[in-house]
Amino acid sequence: MTALLEVEDLRVAYGKIEAVKGISFSVEAGQVVTLIGTNGAGKTTTLRTLSGLLTPLGGAIRFNGKPLSGVPAHKIVALGLAHSPEGRHIFPRLTIAENLQLGAFLRKDADGIAADIRKVYDLFPILGERRTQAAGTLSGGEQQMLAMGRALMSRPKLLMLDEPSMGLSPIMMQKIMQTIAELKAQGTTILLVEQNAQAALSLADHGHVMEIGKIVLSGSGETLLHDESVRKAYLGED
Ligand SMILES: Nc1ncnc2c1ncn2[C@@H]1O[C@H](COP(=O)(O)OP(=O)(O)O)[C@@H](O)[C@H]1O
Ligand SMILES: [Mg+2]
């Protein structure tokens, strides 16, 4: 069986500066795969390229068997690849319900959309309670829930999450990670970018460690969690 997402020798540059220097990895349906690594490693650049927001310098991306080269971002969403971006980027003046509706902007099945909004409220009851409130009034953790919910509204085959735990309190972070585990248990395929290596590796089937544009180490989540160099560099041990 071929993987749902295959990335081969991907290279991405900003002008003359190469931020992603030839990385290869894949995500099988049903898996959680994580990219970890310090600030500036190229994780966000990788996700933005997969979403069609940046044009690669070289390499190949295949999603569900189709090459994504030259496919515009909205078509990539329609193919089933959703992106919850770093920094969340919710629409603060719109209500929670309106933000979720926007996640379904390519769909026309009103009944299906309404059912999926209810599913998001089941996953995150606080969003349901506050559905008519402006999204800007939510706490950081709640805005993260909304960003994840909005990405789910396109019914993705692959959900990409960029630093969902960033800036959150330990309790809120735990809650977000529990939700990712719940989505995984429901069979959602997830590509998770995190600086919180411990949390991400504990959840992930596979992990890749990125350093200045390259993948320097790959393995099962379990293996990387116990790898000495990973523990020293990312889990604060010496
Ligand atoms: N819009 C941009 N213009 C120029 N350089 C950028 C831009 N965005 C990111 N970079 C650079 O690309 C590299 C990778 O950044 P990024 O993908 O955001 O890393 P990460 O998400 O792993 O922290 C960094 O050196 C960063 O400074
Ligand atoms: Mg980033």
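Every number for a ligand or one of its atoms is a count from 1 in the order of the listing. What you see below is based on every heavy atom in this structure, not just the backbone, and it leaves out hydrogens, waters and symmetry mates.
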Q) Taking only heavy atoms of N39, which atoms of ligand 1 are found under 4.0 Å from at least one of them? A) 23 (O)
**Q.** Residue selection (non-hydrogen contact nearest atom 22 (O) of ligand 1) among E18, Q195, R48, K43
**A.** K43
Q: Please examine the side chains of V230 and L217, heavy atoms only from C-beta on, and report whether any two atoms are closer than 4.5 Å.
A: yes
Q.
Assigning hydrophobic clusters by single linkage (Ile, Leu, Val, Met, Phe, Trp, Tyr; side-chain heavy-atom cutoff under 4.5 Å), is V193 placed with M172?
A. no
(Q) Quick one, R11 and P56 - any side-chain contact, counting heavy atoms below 4.5 Å? (A) no
Q.
With 2.8 Å as the threshold, which protein atoms of type N, O or S lie near the Mg ion (ligand 2)? Leave waters out.
A. T44 OG1, E86 OE1
Q. Which one of D162, T44, T46 has a non-hydrogen atom at the shortest distance from atom 18 (O) of ligand 1?
A. T44
Q. Do T189 and K157 touch side chain to side chain, with heavy atoms closer than 4.5 Å?
A. no
Q. Under a 4.5 Å side-chain heavy-atom rule over Ile, Leu, Val, Met, Phe, Trp and Tyr, are L5 and L192 clustered together?
A. no
Q: Any atoms of ligand 1 less than 4.0 Å from a non-hydrogen atom of T45? List them with their elements.
A: 14 (C), 15 (O), 16 (P), 17 (O)
Q) Of all the non-hydrogen atoms in the protein, which one sits nearest to atom 10 (N) of ligand 1, and at what distance? A) Y14 CE1, 3.3 Å
(Q) To the nearest 0.5 Å, what is the distance between CG on L100 and OG1 on T95? (A) 8.0 Å
Q | Polar contact flag, side-chain donor to acceptor under 3.5 angstrom, E194-T34 | A | no
Q | K66 side chain reached by L79 side chain, heavy atoms, under 4.5 Å | A | yes
Q) Measuring from the heavy atoms of G37, does anything fall under 4.0 Å of ligand 1? A) no
Q: Sequence neighbours left out, what pairs pass ring-ring contact (aromatic ring centres under 6.0 Å, His included) with at least one residue falling in residues 170-226?
A: F25-H208
Q: Measure the distance from atom 19 (O) of ligand 1 to every protein heavy atom, then report the residue, atom name and distance (to 0.1 Å) of the closest one.
A: G42 N, 3.1 Å
Q.
With nothing but distance in play, are any N or O atoms of A41 less than 3.5 Å from an N or O of ligand 1?
A. yes
Q) Roughly how far, to the nearest 0.5 Å, is the CD1 atom of I17 from the OG1 atom of T45? A) 11.0 Å
**Q.** Heavy-atom nearest neighbour of atom 14 (C) of ligand 1 within options G40, G213, G15
**A.** G40
